Amino acid sequence: MAGWIGRATEALAARVGEGLGGLLNATFGNAAELIIAGIALSKGLINVVKASITGSIIGNVLLVLGLSILMGGTKYKEQRFNRTAASTSVISLSLAAIGLIIPTVFHLAANSTPGGWSPLVEQKLSLAIAVVLFLTYFCMLGFSLWTHKHFYRGAHAHAEESAVQWSRGKAIVILLIATALVAVLSEFLVGTIENVRDSVGLTEVFVGVIVVAIVGNAAEHSTAIAVAMKNKMDLSVGIAIGSSLQIALFVAPLLIFLSYLFGRPMDLEFTMPEVVAVVASVYILFQISGDGETNWIEGVQLLSVYVILGILFFYLPEPRHVSH
Amino acid sequence: MAGWIGRATEALAARVGEGLGGLLNATFGNAAELIIAGIALSKGLINVVKASITGSIIGNVLLVLGLSILMGGTKYKEQRFNRTAASTSVISLSLAAIGLIIPTVFHLAANSTPGGWSPLVEQKLSLAIAVVLFLTYFCMLGFSLWTHKHFYRGAHAHAEESAVQWSRGKAIVILLIATALVAVLSEFLVGTIENVRDSVGLTEVFVGVIVVAIVGNAAEHSTAIAVAMKNKMDLSVGIAIGSSLQIALFVAPLLIFLSYLFGRPMDLEFTMPEVVAVVASVYILFQISGDGETNWIEGVQLLSVYVILGILFFYLPEPRHVSH
Amino acid sequence: MAGWIGRATEALAARVGEGLGGLLNATFGNAAELIIAGIALSKGLINVVKASITGSIIGNVLLVLGLSILMGGTKYKEQRFNRTAASTSVISLSLAAIGLIIPTVFHLAANSTPGGWSPLVEQKLSLAIAVVLFLTYFCMLGFSLWTHKHFYRGAHAHAEESAVQWSRGKAIVILLIATALVAVLSEFLVGTIENVRDSVGLTEVFVGVIVVAIVGNAAEHSTAIAVAMKNKMDLSVGIAIGSSLQIALFVAPLLIFLSYLFGRPMDLEFTMPEVVAVVASVYILFQISGDGETNWIEGVQLLSVYVILGILFFYLPEPRHVSH
């Protein structure tokens, strides 16, 4: 499945440019996540939804990009990508990280004021922030698809180089079908994991942030690594950063809006370890993406941060809703 | 008034270079703020003074610069400014942000030590930090006016291009008069706002951080935007960053020193939301200013962060002095 | 002594390249620190060990590099160094800083869960993180000594330019002897300081973070400044960043491993002021090292942050083990 997604993405990228190809791949990949999170939300599993948002962001930024850079780095001494395009996405990701910190800051500050905190105010605050992030996402789309699309074309968008010669329509249909199958499989796998969880002794947070994220981002993983090894770093970086950006600016706000439809309003307040994980990931991504070049040690650095965060969530005791 | 300030600043910039023109504009603009804060200080309104310091920093970095970049970006696809000059100022702003965090860190750490915290020690700590920031400001002046002034000359300092052909003396006199009038008006407006506040139901923090900052930085706003639309980004960035730098490294320490004259020593301890707001602003500024280029989406990103912080301060309950 | 270390380092750098020379100097300089910390560890003085780790990192990043840049800047208007090599080290330092934050985050999060925190879990978490940092250090060595050693050769590695014409063997022997003497002297000085401490009224934290770090890094100080004034910034930056990197990724994990041998397991949990100090230092270093150029104001900026952190640790009340 993942192989098909990869080939369809590459074929598409060859026609619309690597940056856009990355966006499309991210969109299909995140459709699976949105469906899973939507189901969890309808069941009132708000903490699982938040953990999967955190996990998707750090998983894409650290694990997907880290593996891509490392694997690409084993074949090429240095790899290049469009610094300006990546930088714009990273800044948006930083802005999203700030948006996700604020409800936690609000909670801590309001909590120490007698009678200052109420779930209702926190929901209003979160809703307002979600609207800002949502609008910023559409500005980003306008920027990358319209006013500054030349940044996102990538350096190697030559259809003739691509092994796969699919038409745009065929590539999109294959992407759609493969993504639907991945979504079904993901749902199935998540269910399986939940059952195995108790016997292995993993906490709910660890499963949400690490395990679900790895399974749920299977499409991004395989494609991003495959294209990195073909030295198409613009596409690889576009998938990894684009996917986490879409989670933060589009999927997370959308889930907030959906939660109102389900009659169980969700806020954007994350636990302190989740906030630290997102901020650390975005910060290290900013440093790595600053020069438009990658080498294997940068992959190792991203993966090291991922493992360190994984260790944190592994040892973190349940229940998470008491931890703030 | 603002129009005069803008024209005088431009005329001056044409003669002394855009970077220096920015510094002068910032100085006149902040004179108004210093007067307002000084009056508040003499009345013992320490929280209002601190809120206005926070508000000025984030207002200049996010709102003034954000609007300038956005408006400039509607006319020009890409705009450029001197990366090195901006970077030096941004690093100083980061250093100031660290200086403003430390008293809060001290408070939290000392507070958990039995008998470890006292207002007197906190005042000494704040005074010592204020001295360091103050000395750094004069080093920055020496750097930008003397040893490395070529960084600050700007790319477009051609007197003949400027619409206004005022002499240096005339420009300075006009700046002085207009600034004095802005100060009087600001004071008047602030008074009015305070009266309207209760009927609208705004908190003191929101008024201090957001409303007063917008009104008090009217001069920077109008000028920075006007010159950005004339593609003079060195001047625009110089005004916005220079102004917040001056507030952090010069005005804030000066207010600490003044508070001792008034016999009501002020410390530099800010509330946690204020600290987060300043750190987030400086961090996003650092990312935006890193490449020496701007486009409209960067303006949107700065403004998004401003709106998110505005939402935080809007919902934050009173009273702020209990919140830490 | 320090003079000899400097000359031996320069002679070596002339033969193996400036970046490697920096690594070797850092290794010999940190040998002294490892010995001092090991002795403190065997006596169970865990807080002193942690304070000296913090102090070494911020001392090298802020004081050693700050003085080098400032002194070099008094002779040269602009100085250059290899941006890519420095950037890789700074990212590793950021990753180390994240590693050092996590145990504190864990402590805070787990502490608020009833029965969620135990010293044993915290030791396991710290041990796991130490292993990750340790492995990353060896990846960094492989990167700088093997796959990408061309980054670390430095621009001015000409043996004929060097005043000292020692063979590689002679230079290493002199480095070894001089380092051993510095270690003995350091131990002696630290003992003396401890005795003087009470009469002057300094806290244990201040001595550990500031005083011991200055004395223990004497070798790095003198050499880094001396070579900066000879415009060998690659070597100077290599020593300062390399030394703090080695402390964070190699010495700190090694001390954790040693603590198990001594039967008194140490964790990696630092106090909140220590965490803030390390994060602030690495952040400001990242900003300063971003453009591959230095000038005197950047030295002033690093030193200002150092003085501000020094003020914090000076006023911080004892006892430190209650402060979290």
Side-chain angles (χ1 to χ4, degrees), chain A residues 83-84 87-106 108-118 120-144 147-148 150-151 249 279 282-283 286 289-290 292, chain B residues 58 62 66 69-70 73-74 76-78 104 108 111 203 205 270-324:
Chain A
R83 207 175 85 81
T84 313
S87 158
T88 304
S89 301
V90 173
I91 295 171
S92 283
L93 212 45
S94 298
L95 134 76
I98 294 170
L100 301 184
I101 292 169
I102 293 303
T104 307
V105 170
F106 173 80
L108 289 172
N111 218 15
S112 58
T113 315
W117 182 83
S118 79
L120 190 67
V121 177
E122 193 144 321
Q123 281 160 19
K124 278 189 200 169
L125 175 94
S126 298
L127 189 60
I129 291 173
V131 171
V132 176
L133 297 181
F134 205 65
L135 292 177
T136 306
Y137 184 69
F138 287 98
C139 291
M140 277 296 293
L141 279 189
F143 182 80
S144 56
T147 68
H148 287 68
H150 56 286
F151 284 165
L249 290 186
V279 170
V282 174
Y283 179 61
F286 171 53
S289 67
Chain B
I58 71 172
L62 301 175
I69 293 177
L70 179 58
T74 57
Y76 302 91
K77 201 155 195 171
E78 264 118 50
T104 307
L108 289 173
N111 218 15
T203 64
V205 200
F270 290 83
T271 62
M272 208 251 289
E274 287 172 333
V275 166
V276 170
V278 169
V279 170
S281 307
V282 175
Y283 180 61
I284 209 93
L285 169 67
F286 172 53
Q287 295 198 327
I288 297 259
S289 67
D291 59 356
E293 282 180 20
T294 63
N295 50 52
W296 69 269
I297 196 76
E298 296 188 340
V300 170
Q301 289 165 332
L302 289 171
L303 291 172
S304 292
V305 176
Y306 191 70
V307 174
I308 288 173
L309 295 178
I311 291 168
L312 169 65
F313 288 109
F314 180 80
Y315 283 113
L316 215 56
E318 311 235 36
R320 67 181 296 240
H321 50 272
V322 190
S323 71
H324 52 260

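All figures in this text were calculated on a predicted structure; none of them were measured in a lab. Chain letters run A, B, ... following the sequence lines, proteins first and then strands; every chain starts at 1.
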A.B. asks: What's the shortest heavy-atom distance between A:S289 and A:R83, and which atoms?
C.D. replies: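 Minimum heavy-atom separation between A:S289 and A:R83: O-CG, 4.2 Å.
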A.B. asks: Using a cut-off of under 4.5 Å on heavy-atom pairs, state which of A:Y283, A:F286, A:F106 scores highest against chain B.
C.D. replies: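 Looking at each option in turn, the highest pair count goes to A:F286.
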A.B. asks: Does any backbone or side-chain atom of B:L312 lie under 4.5 Å from a heavy atom of chain A? Answer side chain, backbone, both or neither.
C.D. replies: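 Both backbone and side chain.
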A.B. asks: If we ignore hydrogens and angles and just use 3.5 Å, is the side chain of B:K77 paired with the main-chain N or O of A:H148 as donor and acceptor?
C.D. replies: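 Not a single qualifying donor-acceptor pair exists.
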A.B. asks: Apply the side chain to side chain contact (heavy atoms under 4.5 Å, CB included) test between A:I129 and each candidate in A:L125, A:L127, A:V131; give the one that qualifies.
C.D. replies: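 Between A:I129 and the candidates, side chain to side chain contact (heavy atoms under 4.5 Å, CB included) is satisfied uniquely by A:L125.
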A.B. asks: What part of B:I288 gets closer than 4.5 Å to chain A, counting heavy atoms only: side chain, backbone, both or neither?
C.D. replies: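 Both backbone and side chain.
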A.B. asks: Non-hydrogen atoms of chain A under 4.5 Å away: do they reach the side chain of B:V276, the backbone, both or neither?
C.D. replies: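 Looking at B:V276, just its side chain touches chain A.
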A.B. asks: How many angstroms lie between atom OG of B:S304 and atom CD1 of B:I297, to the nearest 0.5 angstrom?
C.D. replies: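 Rounded to the nearest 0.5 Å, the OG-CD1 separation comes to 8.0 Å.
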A.B. asks: If you define the side chain from C-beta out and look only at heavy atoms, does anything of B:E298 sit under 4.5 Å from B:D291?
C.D. replies: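 Side chain of B:E298 against side chain of B:D291, heavy atoms only: contact under 4.5 Å found.
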A.B. asks: Return the option, out of A:K124, A:E122, A:M140, with the maximum number of heavy-atom pairs under 4.5 Å with chain B.
C.D. replies: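 Ranked by contacts with chain B, first place is A:K124.
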A.B. asks: Which region of A:L135, side chain (C-beta onward) or backbone (N, CA, C, O), has a non-hydrogen atom less than 4.5 Å from a non-hydrogen atom of chain B, or is it both or neither?
C.D. replies: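 Neither part, no heavy atoms under 4.5 Å.
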